Number of protein chains: 2
Amino acid sequence: MDKPEKILATALRLFVTYGFHGTPTSKIASEAGVSNGTLFHYFKTKDDLVVALYTSIRGELNQFLVRQINTASTSKEKFRRLFVGSVEWALHNGDAFYFIQQFRFSPHLNLVSEEESRRQSEVHMELLQEARNANWLKPLPVDLIATLTASQISGIHQYLVEKTVSPDEQRKLIDDVFELTWATVANPELP
Amino acid sequence: MDKPEKILATALRLFVTYGFHGTPTSKIASEAGVSNGTLFHYFKTKDDLVVALYTSIRGELNQFLVRQINTASTSKEKFRRLFVGSVEWALHNGDAFYFIQQFRFSPHLNLVSEEESRRQSEVHMELLQEARNANWLKPLPVDLIATLTASQISGIHQYLVEKTVSPDEQRKLIDDVFELTWATVANPELP
DNA sequence: TACATTGTGGAGCGATTAGTCAATCAGACC
DNA sequence: GGTCTGATTGACTAATCGCTCCACAATGTA
């Protein structure tokens, strides 16, 4: 694990515990095992570090989701992999998922370029656009469907971390909520 | 508007713009038209101020929702008022709603007492528990239904503030999404 | 009027922070 | 060996921030 990666990993852990401004760069550096100067050698400012962490995490998530989707063929199955995959990734990467939410409701969000934002939602949007064009989805704005689906994902995830649920029960609940979500957005006219 | 209120209102505006730690107490005081000392006369610490702002906002929202619910009689109608009321309140109180999300994904959440948390979700939970007991809802955990509903509310709200939608279109979309949500959580066996 | 309580102001203190800088160090290439 | 380049260090600083303190004003109370 090279130093920039180590810095990012340490920053993630501290940010979710103490918040952005609650964690001094000096603490990130020392806990990452590098000096103060090294941190600023790789990240010009603290804000730079925060944004870099966000795009790095989103990149990993997207990579994971693409791999999930590619194992399916039909639209519904792809959609299921996207949904279930997201929840499971969130469960296995609690800190990272929490950080994403934290970041999205912070002023730092404005520091992400339009281009980067688009790239991050590309996977979802392409899949949905495709399904919509093939008439698999209800005649609703695709953006709305995307937002509602994302909401359901963070909803079921939030429930699963608050309650303690056995792994079997977890899988079943995730699948149930997926079917509910699918029924919500899918066109009932077609199979 | 007395000074504590003025301080809270100013803090809200600054917090959503610059974040918690991004806004110094001195700036809150000066923009609220009071001195630094006065701020700390009413709020023992900055954290106190943040938490007080949160509970104050949640209190206002709950008061508003109770009024909405009381104008309806049937379970579904109450549920509709709760849903639509939440979205409309969020649209009319953008800063406050944004702050709630910001707060929920911050370390400050731990500073809210268990008792206060329960009081805040009382309205929703009572309504849902009632509907669940009367068999209006699907046989899912009530907490899950509550979380999923809340997710849909913030989902449609997010969509409406990102896109610019005419008021008429807005009302229609909110109602559409409510019906979808109702279909998701309601027991299909009963009317 | 005398006294007590509470509200208000603002200078200032101690601590912390993001970011700098001059100095070393490690390796690549000649 | 000599030279160059980028990595690494950690002491340092200028600025900021949360919060205290104390003087005084306002208001009530007897």
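If you're wondering where the values come from, they're calculated on a predicted model, not measured in any experiment. Every heavy atom of this structure was used, including side-chain atoms; hydrogens, water molecules and symmetry mates were not. Chain letters run A, B, ... following the sequence lines, proteins first and then strands; every chain starts at 1.
Here the C1' atom of nucleotide C/dT17 and the CD1 atom of A/Ile28 are 12 Å apart, to the nearest Å. Atom-to-atom, CG of B/Asp48 to P of D/dT20 comes out at 11 Å; the value is rounded to the nearest Å. Here D/dC19 presents its P atom at 10 Å from CG of B/Leu49, a figure rounded to the nearest Å. In this structure, A/His21 places its NE2 atom 11 Å from C1' of C/dT17, rounding to the nearest Å. Remark: C1' of D/dT8 and CG of A/Asn36 are 12 Å apart, rounded to the nearest angstrom. Rounded to whole Å, atom P of C/dA18 lies 14 Å from atom CD1 of A/Ile7. Regarding A/Leu39, its CG atom lies at a distance of 10 Å from the P atom of C/dG19, rounded to whole Å. In this structure, A/Phe20 places its CZ atom 14 Å from P of C/dA18, rounding to the nearest Å.
Look at B/His41 and you'll find a side-chain N or O under 4.0 angstrom from OP1 or OP2 of C/dG7. Neither OP1 nor OP2 of C/dG7 sits under 4.0 Å from any side-chain N or O of B/Thr38. For C/dG19, neither phosphate oxygen OP1 nor OP2 lies less than 4.0 angstrom from any side-chain nitrogen or oxygen of A/Lys46. Between B/Thr25 and the phosphate of D/dC17, there is no side-chain N or O to OP1/OP2 separation shorter than 4.0 Å. For C/dT6, the OP1/OP2 oxygens have no side-chain nitrogen or oxygen of B/Tyr42 closer than 4.0 Å.
By the side-chain contact (heavy atoms from CB on, under 4.5 Å) test, B/Arg132 is found to be paired with B/Leu137, B/Pro139, B/Val142, residues two or more places apart in sequence or in another chain being considered.
Distance from the side chain of B/Lys3 is smallest for C/dT8 among the nucleotides C/dT8, D/dC19, C/dG19. Of the candidate nucleotides C/dG19, D/dC19, D/dT9, C/dG19 has the atom lying nearest to any side-chain atom of A/Thr45.
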Kindly indicate, with the supporting measurements, whether the criterion ring-ring contact (aromatic ring centres under 6.0 Å, His included) is fulfilled by B/Phe99 and B/Phe20.
CA-CA 10 Å; B/Phe99 176 79; B/Phe20 300 133; 5.7 Å; yes
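The residue A/Ser30 sits apart from the nucleic acid: no heavy atom pair falls under 4.0 Å. At a threshold of 4.0 angstrom between heavy atoms, the contacts of A/Lys44 with the nucleic acid are absent.
Residues A/Lys138 and A/Ala183 approach most closely at NZ-O, 3.3 Å, considering heavy atoms.
Although no hydrogens or angles enter the test, the distance criterion places a donor-acceptor pair under 3.5 Å between the side chain of B/His92 and the main chain of B/Glu88.
The residue among A/Gly22 and B/Ser35 whose nearest nucleotide of DNA chain C is located toward the 5' end is B/Ser35.
Figure legend: cation-pi geometry between A/Lys27 and A/Tyr18, with NZ or CZ positioned under 6.0 Å from the six-membered ring centre and within 45° of its axis.
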